[in-house]
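Following: one structure in C-alpha cells, then a few remarks.
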Amino acid sequence: MGVEEAAVRRAALVTGASRGIGFEVCRQLGRRGLRVVVTGRDGTAVTEAAAGLRLEGLEVIEALLDVRREGAAASLATELRAAGVRVDVLVNNAGIYPPGTLLETPAETFREVMETNFMGAVWTCRAFMPAMLEAGYGRVVNVSSGYGSFGEGLEGPAAYSLSKAALNALTVKLASEARGDVKVNAVCPGWVRTRMGGSGARRSAQKGAETIVWLATLPAGGRNGGFFRDRRCIPW
Ligand code: NAP
C-alpha cells in the first residue's frame with residue numbers, strides 16, 4: 001500500500017526500517033495490531049522490507065525518508081495526514097556507525113553522523129510531534145546507545161558517541177515539552193546482530209527490538225523522559 005491508498009487509522013512510523021532493528025520493530029509493532037509506516041532512504045530496500053512484512057499478514061505503508069534531508073519528514077507528515085494516516089508512534093531508529101577518534105574523524109563523516117543520528121530525529125520530531133500534542137497522545141522512541149551515556153563513559157567511536165549523547169539530550173528536552181499523554185524516551189537496544197552490530201553480537205534483532213516496542217506501546221501511566229535498556233532505566 002502506498003501513502004495515497006491508506007484509509008484513516010493510527011499508525012507507527014519507523015525510520016531506517018529496511019533492515020536490522022528497525023525492520024524487526026516494524027514486525028513486532030505490526031503483530032501487535034498497529035499499522036506500520038516502513039521508511040528508509042533506499043526505495044528498493046524499503047519495498048522489499050514492506051513486502052516481507054505483508055507476507056506475514058501485517059498492514060504496512062511504505063515511504064521514502066532520508067532522515068538527513070531537511071524538509072523530507074515534514075513533507076511525508078503532510079502526505080500521510082492528507083491520506084488520513086495519523087502517526088502517533090514515532091521510532092527514530094535510523095543510524096550509522098563510522099569508526100574513528102575525535103581527532104581522526106574526517107569533517108564530512110562527522111557531519112554525516114550528526115545529521116543522521118541526531119538531526120534526523122530533530123526533523124522527524126518536529127514533523128510528527130505537533131499532531132501528537134494536538135491529539136493528546138503519542139509515543140516517541142529514540143534508539144540511542146550506551147555509547148551515548150555519560151554514565152557509561154561515552155565509549156565507542158567519537159562521532160557516533162557524541163551523536164547519541166545529543167540524541168539523549170534531545171529526548172530530555174522533548175520530554176519536558178510533552179503534554180497530555182505524549183511520551184518521549186530513549187533506549188539502548190544492547191549489542192545486536194545486524195549489519196551495524198556484526199555477526200559476533202550476542203543479541204538477536206528480535207531481542208534488540210523488545211524494549212523499543214515496549215516504549216512505543218507504553219500505557220498512560222508509563223515513564224516520560226527516561227533512558228532504558230531491557231526495560232530498566234540506565235544513566236544518561
Ligand atoms: P543497521 O542494520 O545498519 O540499520 C540501520 C538502518 O538505518 C538501515 O535501514 C539504514 O538504511 C538506515 N539509515 C542510515 N542512514 C539513513 C538515513 N540517512 N535515512 C534513513 N535511513 C537511514 O543497524 P541497526 O543495528 O539495525 O541499528 C539501528 C539503530 O540501533 C541505530 O540507531 C543504531 O545506532 C542503534 N544501535 C545498534 C546497536 C547494535 O549493536 N546493532 C547497538 C546500539 C544501538 P540504508 O540501508 O539506507 O543505509
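Predicted, not measured: the structure shown is a model, and the values here were computed from it. Note that ligands are numbered from 1 as they come in the structure, with each ligand's atoms numbered from 1 the same way.
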Using distance alone, decide if ligand 1 has a nitrogen or oxygen within less than 3.5 Å of any nitrogen or oxygen in R41.
yes
Checking heavy atoms under 4.0 Å, the part of K164 that sits near ligand 1 is side chain
Does ligand 1 have any atom sitting under 4.0 Å from a heavy atom of Y160? yes
Looking only at protein heavy atoms, what sits closest to atom 26 (O) of ligand 1 is I21 N, 2.8 Å
Taking only non-hydrogen atoms of V143 and a 4.0 Å limit, the atoms of ligand 1 in range are 29 (C), 30 (O), 32 (O), 35 (C)
The answer for which part of V67 has a heavy atom under 4.0 Å from ligand 1 is both
_Using the rule that Ile, Leu, Val, Met, Phe, Trp and Tyr join whenever any side-chain heavy atoms are under 4.5 Å apart, tell me whether V89 and L218 fall into a single cluster._
yes
Here the gap from N117 atom CG to L167 atom CG, rounded to the nearest 0.5 Å, amounts to 7.5 Å
the protein heavy atom lying closest to atom 23 (O) of ligand 1 turns out to be M196 CB, 3.3 Å
Under 4.0 Å between heavy atoms, the region of P189 that gets near ligand 1 turns out to be side chain
Taking only non-hydrogen atoms of L65 and a 4.0 Å limit, the atoms of ligand 1 in range are 19 (N), 20 (C)
Ligand 1 atoms nearer than 4.0 angstrom to some heavy atom of R195 are 2 (O)
> Under 3.5 Å, is there a donor-acceptor pair between the side chain of W123 and the main chain of A74?
Replying inline: no
What do you reckon, does G190 put a non-hydrogen atom under 4.0 Å from ligand 1?
-> yes
For this session: Determine, using heavy atoms of S144 and all atoms of ligand 1, whether some pair is separated by less than 4.0 Å.
Result: yes
Considering distance alone, does some N or O of V192 sit under 3.5 Å from an N or O of ligand 1?
yes
Side chains of C233 and F228: closer than 4.5 Å at any heavy-atom pair?
-> yes
Exercise. Does any N or O atom in D42 lie less than 3.5 angstrom from one in ligand 1, N or O only?
Worked result: no
When distances are taken from atom 9 (O) of ligand 1, the protein heavy atom at minimum range is S18 OG, 2.9 Å
Closest to atom 6 (C) of ligand 1 among protein heavy atoms sits G16 O, 3.5 Å
Between A11 and V37 the two heavy atoms that sit nearest each other are CB-CG2, 4.1 Å
- Can you list the steps and then say if R126 with E70 is a salt bridge (Lys or Arg N to Asp or Glu O under 4.0 Å)? CA-CA 11 Å; R126 284 162 60 102; E70 187 180 348; over 6 Å; no
Do S161 side-chain atoms and G156 backbone N/O form a donor-acceptor pair below 3.5 Å?
-> no
Point to revise | CD/E177: more than 12 non-hydrogen atoms of other groups inside 6.0 Å | key: yes
min-distance protein heavy atom vs atom 5 (C) of ligand 1 -> G95 O, 3.7 Å
Between D230 and R232 (side chain of the first, backbone of the second, donor and acceptor by atom type, cut-off under 3.5 Å), is there such a pair? no
Item checked: F23 side chain near V14 side chain, heavy-atom distance below 4.5 Å -> no
Per-atom filter on ligand 1: closer than 4.0 angstrom to a heavy atom of W191 are 40 (O)
- Quick check: does any side chain N or O of N93 sit under 3.5 Å from a backbone N or O of T15, one acting as donor and the other as acceptor? yes
### Backbone or side-chain N or O of T116 under 3.5 Å from ligand 1 N or O
no
Are Y97 and ligand 1 in contact, using a heavy-atom cut-off of under 4.0 Å? no
| query | Is there a donor-acceptor pair closer than 3.5 Å between any side-chain N or O of K164 and the backbone N or O of V143? | reply | yes
Under 4.0 Å from one or more heavy atoms of D66, ligand 1 contributes atoms 17 (C), 18 (N), 19 (N)
- Message: Would A201 count as a contact residue for ligand 1, given that I'm defining contact as a non-hydrogen atom of the residue lying under 4.0 Å from a ligand atom?
- Response: no
Per-atom filter on ligand 1: closer than 4.0 angstrom to a heavy atom of G197 are 40 (O), 41 (N)
Under 4.0 Å between heavy atoms, the region of T15 that gets near ligand 1 turns out to be neither
- Would you say the side chain of N168 lies within less than 4.5 Å of the side chain of V172, judging by non-hydrogen atoms? no
Looking only at protein heavy atoms, what sits closest to atom 24 (P) of ligand 1 is T194 OG1, 3.5 Å
In this structure, atom 4 (O) of ligand 1 is nearest to the protein heavy atom R19 NH1, 3.3 Å
**Prompt:** If you measure every N/O of A17 against every N/O of ligand 1, is any gap under 3.5 Å?
**Reply:** no
With under 30° as parallel and over 60° as perpendicular, where do the rings of Y147 and Y97 fit, or are they tilted in between? parallel
Donor-acceptor under 3.5 Å (R193 side chain, R202 main chain)
yes
For atom 28 (C) of ligand 1, the closest protein heavy atom turns out to be N93 OD1, 3.1 Å
One finds that the ligand 1 atoms under 4.0 Å from a non-hydrogen atom of G20 are 2 (O), 26 (O)
Of A72, G146, A94, the residue with the heavy atom nearest atom 21 (N) of ligand 1 is A94
For this session: Would you check if the side chain of Q28 reaches a backbone N or O of Q206 as a donor-acceptor pair within less than 3.5 Å?
Result: yes
Checklist entry - Taking the side chain from N185 and the backbone from F227, do they hold a donor-acceptor pair closer than 3.5 Å? => result no
